[in-house]
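What follows is a set of notes on a single structure, which appears directly below.
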Amino acid sequence: MIEIKDLSVKYQGKNALTLALDKINIKINSGEIYTFIGPSGCGKSTFLYVLAGILKHYKGTVTIDGQPIDPKEQRIGLILQNYGLLPWKTVCQNSMLGTKIKDNQQKPDEYSQYILTQLGIDKLLDRYPKELSGGQQQRVAIARAFILKPDLLLMDEPFSALDAITREEIQELFLQIWKQHTVTTIFITHSVDEALYLGSKIAVFTPSPGRILQVLDNPCFQMENLRTRDEYHDMSVRLRNILHKG
Ligand SMILES: Nc1ncnc2c1ncn2[C@@H]1O[C@H](COP(=O)(O)OP(=O)(O)O)[C@@H](O)[C@H]1O
Ligand SMILES: [Mg+2]
């Protein structure tokens, strides 16, 4: 379980201090996907950067299974909006980057091959990121995260730069792979549709400074033909109401 207690973050700008997160308290159960939704500027990325160990000047505590969160100690997968691939490394090298750092393993083993194949990038291993479409680059980022076998997977609006059709394809592909390799996932989004499609739990942020307004169970999670169902429409109205009341 991830436990976040009284997490606050301030940024010191040139003239003013910005309070980005204001006493976030939440417990995150293992093996679930939590989608975090909130308006632009509410502190979603700040929240993720704290969990990723990138942002260290926070107040409060963040623990995984009772241990302070630390990317050097735990295995944390990170998938960002701009894919985060290294342009001078091939698809294969980019995919293996996490395990190279953590396990000193550079060559794909059977498990890595299987993930690369599932993501449909096993024929692109010698290409460089600039020779790939956005959707293919995001598949490489997903491969890298799963090949690491993370304890925690962090995703910051990873699909928002993709066109609508590619986005739905990748959301579906991500869920398929996630079902086979269940990992505690924190998925940041500003899309109601995405929050409902991917989250087993949905946490709603207030507008800036970010606090957790509500955490909802999502009855729609993994329903077949979800987007065409009444339950989905009802949840979507409920979620929009909560977001607009702020
Ligand atoms: N490096 C920074 N310096 C100063 N203010 C920042 C910095 N990064 C983010 N902020 C401010 O903190 C708030 C939260 O930003 P962010 O976490 O990026 O929000 P979101 O991801 O929800 O759009 C915003 O008001 C933003 O302007
Ligand atoms: Mg952001």
Side-chain angles (χ1 to χ4, degrees), residues 2-28 33-62 64 69-71 76-85 134-135 137-138 141-142 144-145 150 152-164 166-167 170-171 174 184-199 201-216 218 236 239-246:
I2 301 171
E3 225 176 325
I4 296 165
K5 281 192 200 154
D6 290 334
L7 171 64
S8 296
V9 174
K10 283 180 190 155
Y11 289 108
Q12 178 67 63
K14 263 199 196 122
N15 306 312
L17 206 61
T18 307
L19 182 60
L21 295 177
D22 185 17
K23 292 198 174 153
I24 303 270
N25 282 288
I26 186 169
K27 287 181 184 166
I28 292 167
I33 304 179
Y34 281 67
T35 47
F36 281 78
I37 186 166
S40 180
C42 74
K44 300 184 296 298
S45 294
T46 300
F47 177 69
L48 205 83
Y49 295 160
V50 170
L51 296 180
I54 297 168
L55 195 158
K56 298 198 171 78
H57 65 273
Y58 61 86
K59 282 197 175 141
T61 55
V62 183
I64 296 190
I69 203 156
D70 179 354
I76 299 180
L78 186 60
I79 305 180
L80 302 171
Q81 185 180 353
N82 58 4
Y83 323 120
L85 304 181
Q137 291 188 49
Q138 200 49 289
I142 295 171
R144 176 162 73 197
L152 172 63
L153 181 55
L154 302 173
M155 304 174 77
D156 190 8
E157 306 200 23
F159 308 146
S160 57
L162 304 173
D163 65 84
T166 309
R167 180 162 57 239
I170 299 237
Q171 286 170 342
F174 166 72
T184 312
T185 301
I186 294 182
F187 191 110
I188 305 287
T189 182
H190 61 254
S191 152
V192 167
D193 172 75
E194 190 161 69
L196 283 173
Y197 192 70
L198 296 180
K201 294 263 199 311
I202 303 170
V204 185
F205 274 105
T206 62
S208 185
R211 279 175 284 112
I212 303 286
L213 190 61
Q214 216 169 318
V215 183
L216 307 169
N218 181 13
S236 151
L239 197 50
R240 278 175 220 277
N241 279 336
I242 295 171
L243 277 165
H244 291 150
K245 271 192 296 183

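Counting starts at 1 for both ligands and their atoms, in listed order.
A side chain to side chain contact (heavy atoms under 4.5 Å, CB included) with Leu21 is found for exactly one of Val9, Ile4, Ile212, namely Val9. Checking each of Leu55, Leu154, Ile186 against Phe47 for a side chain to side chain contact (heavy atoms under 4.5 Å, CB included) leaves exactly one that passes, namely Ile186. Each of Phe159, Tyr197, Phe36 was compared with Phe187 under the ring-ring contact (aromatic ring centres under 6.0 Å, His included) criterion, and only Phe159 meets it. Considering Thr189, Ile79, Leu48 as possible partners of Asp156, the one that fulfils the side chain to side chain contact (heavy atoms under 4.5 Å, CB included) test is Leu48.
If you take CD1 on Ile64 and OG1 on Thr184, they are separated by 8.0 Å, rounding to the nearest 0.5 Å. Between the CD1 atom in Ile188 and the NE2 atom in His190 there is a gap of 12.0 Å [rounded to 0.5 Å].
In terms of protein heavy-atom proximity, atom 14 (C) of ligand 1 is closest to Gly41 O, 3.4 Å. Closest protein heavy atom to atom 4 (C) of ligand 1: Tyr11 CB, 3.3 Å. When hydrogens are left out, the protein atom nearest atom 16 (P) of ligand 1 is Thr46 OG1, 3.7 Å; that is the closest non-hydrogen contact. The nearest heavy-atom contact from the protein to atom 18 (O) of ligand 1 is Ser45 CB, 3.9 Å.
Inclusion of Ser45 in the first shell of the Mg ion (ligand 2) is supported: an N, O or S atom falls under 2.8 Å.
Heavy-atom contacts of Ser40 reach the following atoms of ligand 1: 23 (O) (cutoff under 4.0 Å).
At a 3.5 angstrom cut-off on N or O pairs, Gly43 counts as close to ligand 1. Taking only nitrogen or oxygen atoms, main chain and side chain alike, Lys44 reaches within less than 3.5 Å of ligand 1.
Not a single donor-acceptor pair under 3.5 Å links the side chain of Gln171 to the backbone N or O of Thr166.
For atom 27 (O) of ligand 1, no protein non-hydrogen atom is found at a distance below 4.0 Å.
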